[in-house]
Amino acid sequence: MGVINRLNRVTSARLHAFLSASERPEDILPGLLREMEEQDRAAARAVAKALAAVRAAQSRLDESEGKIGRLEEGAALALAQGDEQLAREALAAAVRTGREKDRFLSALDQAQRALEQARAAKLRIEDQLEELRVNRDGILARSWALRARQGAAHGSALSEKKSGSILERVAAIETDLERDEAELEIPRAATPGTRVSLEERLRDTERRAEIDRRLNDLKKRRHGANQPRGDRDP
């Protein structure tokens, strides 16, 4: 989520550092406020998008759970009618749907985390906006004082990057080390060849074993239901 990542980098400390590094912070502040207001609207859109993703993931999860229940009921009915092959096919479909359910559950978890992050980012930008609006004169005074203590050299170093928006320049403060570390995170390619084939075969074996286990469970329940009451285990 690019909007949220960008908002997370715009901290109050970076805002104050940027203003203190500006030659005329009183001229920068109005534009900064306008950009932050736009980012607040972008955060609201991100919250709405994340909320829609949560609802969609929950809907898919509920649908998969209902489908599994119907398939298991159908397998039990087919076995009761003596059609073991149909029961096995229904259970195979239930196993596949169960794996889809796991993916939907993971997607729901990710969507919920994204929603929490979006809401937190929106609250943060709202707090920063309120601080800048209410304490405008005090922030500017601190910025002038801090710039005077740090000297013009520090200010010119941070003011070199003139391209992009004000918030982009704020977010870029002290990011060189983080960028270098990110470049070292090289994704590892999947190992091709026989290893993948072996994993596929193992997954297929696990799937067949799961189908056999469920089928045997159905047979045991059906056998127990058909036993006379006096013949059942106590």
Side-chain angles (χ1 to χ4, degrees), residues 1-21 28-69 94-136 138-139 142-143 158 161 163-190:
M1 188 175 294
V3 171
I4 301 307
N5 289 336
R6 184 164 58 251
L7 290 178
N8 286 339
R9 299 200 61 77
V10 180
T11 63
S12 294
R14 292 183 184 216
L15 286 169
H16 292 170
F18 181 82
L19 288 172
S20 68
I28 294 291
L29 190 55
L32 177 60
L33 285 170
R34 286 193 297 272
E35 287 193 19
M36 291 180 70
E37 288 167 355
E38 174 54 36
Q39 288 303 298
D40 185 37
R41 291 189 287 271
R45 293 191 294 270
V47 169
K49 183 178 179 180
L51 182 58
V54 167
R55 290 172 175 168
Q58 184 66 62
S59 177
R60 289 192 294 268
L61 180 61
D62 293 342
E63 183 179 350
S64 66
E65 289 176 342
K67 184 178 179 180
I68 290 171
V95 170
R96 290 194 299 271
T97 305
R99 292 180 177 175
E100 291 178 353
K101 175 187 169 182
D102 291 340
R103 291 195 295 271
F104 295 150
L105 188 61
S106 177
L108 176 60
D109 182 61
Q110 293 176 6
Q112 288 173 333
R113 288 200 302 271
L115 178 59
E116 292 172 1
Q117 292 171 0
R119 285 173 170 166
K122 190 175 190 306
L123 286 175
R124 186 184 304 109
I125 199 75
E126 288 174 350
D127 289 343
Q128 292 167 347
L129 264 170
E130 184 68 13
E131 180 186 3
L132 289 177
R133 288 168 177 160
V134 173
N135 303 316
R136 178 181 183 277
I139 291 171
R142 289 197 304 272
S143 297
L158 286 180
K161 298 179 180 180
S163 61
S165 70
I166 298 174
L167 283 178
E168 285 174 347
R169 286 184 281 166
V170 171
I173 295 175
E174 297 177 356
T175 61
D176 291 342
L177 178 58
E178 295 170 357
R179 183 172 60 251
D180 292 342
E181 291 174 345
E183 289 174 354
L184 294 177
E185 296 294 330
I186 302 173
R188 297 182 180 179

request  = Identify the heavy atoms of Leu108 and Ala57 that sit nearest to each other, and give their distance.
outcome  = CA-CB, 3.7 Å
ask   = Nearest 0.5 Å, what's the CZ-CG distance between Arg60 and Leu105?
value = 12.0 Å
query = How many angstroms lie between atom CG of Asp62 and atom NZ of Lys101, to the nearest 0.5 angstrom?
reply = 10.0 Å
query = How long is the span from the OG1 atom in Thr97 to the NZ atom in Lys67, to the nearest 0.5 Å?
reply = 4.0 Å
query = Which pair of heavy atoms, one from Ala50 and one from Leu115, lies closest together, and at what distance?
reply = CB-CA, 3.6 Å
ask   = Which atom pair, heavy atoms only, marks the closest approach of Val54 to Gln112?
value = CG2-N, 3.7 Å
query = For atom CZ of Arg99, is the number of surrounding heavy atoms from other residues, nucleotides or ligands below 6.0 Å larger than 12?
reply = yes
ask   = Looking at CG of Leu61 and CZ of Arg103, how far apart are the two atoms once the value is rounded to the nearest 0.5 Å?
value = 12.5 Å
key: Residues that Arg96 engages under side-chain hydrogen bond (donor to acceptor under 3.5 Å, both in side chains), provided they are two or more places apart   = none
task = Kindly compute the distance separating CZ (Arg41) from NZ (Lys122), expressed to the nearest 0.5 Å.
result = 10.5 Å
request  = May I ask you to decide whether Arg45 forms a salt bridge with Glu38, counting only side-chain N to carboxylate O separations under 4.0 Å?
outcome  = yes
inquiry  = Would you say CD of Glu126 has more than 12 non-hydrogen atoms from neighbouring residues, nucleotides or ligands within 6.0 angstrom?
reply    = yes
ask   = Looking only at heavy atoms, which two atoms of Arg119 and Val47 are closest? And how far apart?
value = N-CG2, 3.8 Å
task = Please examine the side chains of Met36 and Leu32, heavy atoms only from C-beta on, and report whether any two atoms are closer than 4.5 Å.
result = yes
key: Counterpart residues, side-chain hydrogen bond (donor to acceptor under 3.5 Å, both in side chains), relative to Glu116 (two or more places apart)   = none
